[in-house]
Amino acid sequence: MPARTDSLVVVTELSSAKKLTLEFYARPVLTVAQECIGKVLVHRTAEGETAGRIVEAEAYRGPEDRAAHSWRGMTPRTAAMFGPPGRAYVYLLYGVNWAFNIVTSSEGQPHAVLIRALEPLRGVELMTQRRGQRAMARELTNGPGKLTQALGITGADYARDLCGDELFLEDGLAGRIGRSRRINVEPAGEVWAARPWRFYERGNRYVSVLPRD
DNA sequence: ACGAAGATCGACT
DNA sequence: GTCGATCTTCGTA
């Protein structure tokens with residue numbers, strides 16, 4: 001009986017993807033951002049499960065990074081960035097779009113990875129319903145606000161523990177990784193805008209903006 | 001209280 | 001590629 005149970009556990013682990021644990025997130029933000037490429041973001045709700053491969057991500061390293069929301073210190077909105085790693089920092093942008101970030105590093109260091117694009121993987125039909133798009137449309141998940149809509153991520157997920165069962169990352173493989181400056185952070189000044197802190201999978205059609213350098 | 005700015009999106013040319 | 005919508009957040013008074 002014990003032997004049989006053990007073998008079943010092994011089979012289960014081999015047949016299902018491995019959920020990433022705190023050790024993945026509690027590392028320098030640039031490391032986490034680069035390694036996020038190819039990993040699978042999963043969201044489970046009452047409507048069902050949706051999941052996609054991460055194909056574009058950016059590192060934000062406040063308070064010194066002027067492009068980061070945390071550069072002026074903690075505010076009610078940015079509190080989650082200053083909290084423990086392995087949690088979600090979700091914020092509303094331009095009044096209508098939610099953006100999803102992963103808090104990294106260690107508590108007190110306001111570092112986070114913005115997820116900018118996904119390649120749809122599971123629950124594609126649900127994504128098309130939420131987005132009002134065709135199943136193969138690039139527009140399904142090729143932007144920070146689009147992917148949160150497709151996966152049903154909102155302010156209700158603020159500070160959610162990514163080691164739980166609702167919102168988490170699974171292991172996955174990446175193709176060739178490209179690197180460039182971040183998107184739409186020019187107001188932060190050229191010094192910070194020029195940092196090559198954006199990572200993406202080369203040649204993937206879901207990457208939001210073609211590299212400028 | 002007020003006002004300016006914003007890690008975007010979708011429609012349109 | 002350009003452009004306007006839209007509304008929360010936060011700094012300043």
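Letters A, B, ... mirror the listed sequences (proteins, then strands); counts begin at 1.
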Within this structure, what is the [atom1]-to-[atom2] distance between [X] and [N], rounded to whole angstrom?
{"X": "A:Leu140", "N": "B:dG10", "atom1": "CG", "atom2": "P", "value": "11 Å"}
{"X": "A:Tyr94", "N": "B:dT8", "atom1": "OH", "atom2": "P", "value": "6 Å"}
{"X": "A:Arg195", "N": "B:dA7", "atom1": "CZ", "atom2": "C1'", "value": "17 Å"}
{"X": "A:Asn184", "N": "C:dG1", "atom1": "CG", "atom2": "C1'", "value": "14 Å"}
{"X": "A:Asn101", "N": "B:dT8", "atom1": "CG", "atom2": "P", "value": "11 Å"}
{"X": "A:Met74", "N": "C:dT9", "atom1": "CE", "atom2": "C1'", "value": "15 Å"}
{"X": "A:Lys146", "N": "B:dA7", "atom1": "NZ", "atom2": "C1'", "value": "15 Å"}
{"X": "A:Met81", "N": "C:dT9", "atom1": "CE", "atom2": "P", "value": "16 Å"}

Query - Residue closer to the 5' end of DNA chain B, A:Gln149 versus A:Ala188 (nearest nucleotide) - result: A:Ala188
For [X], answer base if it contacts any base atom (sugar-phosphate contacts may also be present), sugar-phosphate if it contacts only those atoms, and nothing otherwise; contact means non-hydrogen atoms under 4.0 Å.
{"X": "A:Arg131", "result": "sugar-phosphate"}
{"X": "A:Ala99", "result": "nothing"}
{"X": "A:Leu92", "result": "sugar-phosphate"}

**Report entry** Base-pairing assignment for B:dC9 (Watson-Crick or G-U wobble, both under 3.5 Å)
**Finding:** C:dG4
Query - N/O (side chain, A:Asn97) to phosphate O (OP1/OP2, B:dC9) under 4.0 Å - result: no
**Report entry** side chain to side chain contact (heavy atoms under 4.5 Å, CB included) evaluation trace for A:Leu169 with A:Ile54
**Finding:** CA-CA 9 Å; A:Leu169 259 56; A:Ile54 297 171; 4.2 Å; yes
Query raised in the report: Which residue, A:Leu30, A:Thr31, A:Val29, forms the side chain to side chain contact (heavy atoms under 4.5 Å, CB included) with A:Thr104?
Result: A:Val29
**Report entry** Which nucleotide in B:dA7, B:dC9, C:dC10 has an atom nearest any side-chain atom of A:Leu114
**Finding:** B:dA7
Report task. Choose from C:dG11, C:dC10, B:dG6 the nucleotide whose nearest atom is closest to any side-chain atom of A:Arg72. Result ->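 Selected nucleotide: C:dG11.
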Query raised in the report: Are A:Ile115 and A:Ile102 close enough, and set up right, to give a side chain to side chain contact (heavy atoms under 4.5 Å, CB included), and what steps lead you there?
Result: CA-CA 8 Å; A:Ile115 305 303; A:Ile102 296 168; 4.0 Å; yes
**Report entry** A:Gln149 and A:Arg131: CA distance, side-chain angles, deciding distance, side chain to side chain donor-acceptor pair (under 3.5 Å) verdict
**Finding:** CA-CA 7 Å; A:Gln149 188 181 15; A:Arg131 292 277 302 132; 2.6 Å; yes
Query raised in the report: Can any side-chain N or O of A:Asn101 pair as donor or acceptor with the backbone N or O of A:Tyr89 at less than 3.5 Å?
Result: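 Present.
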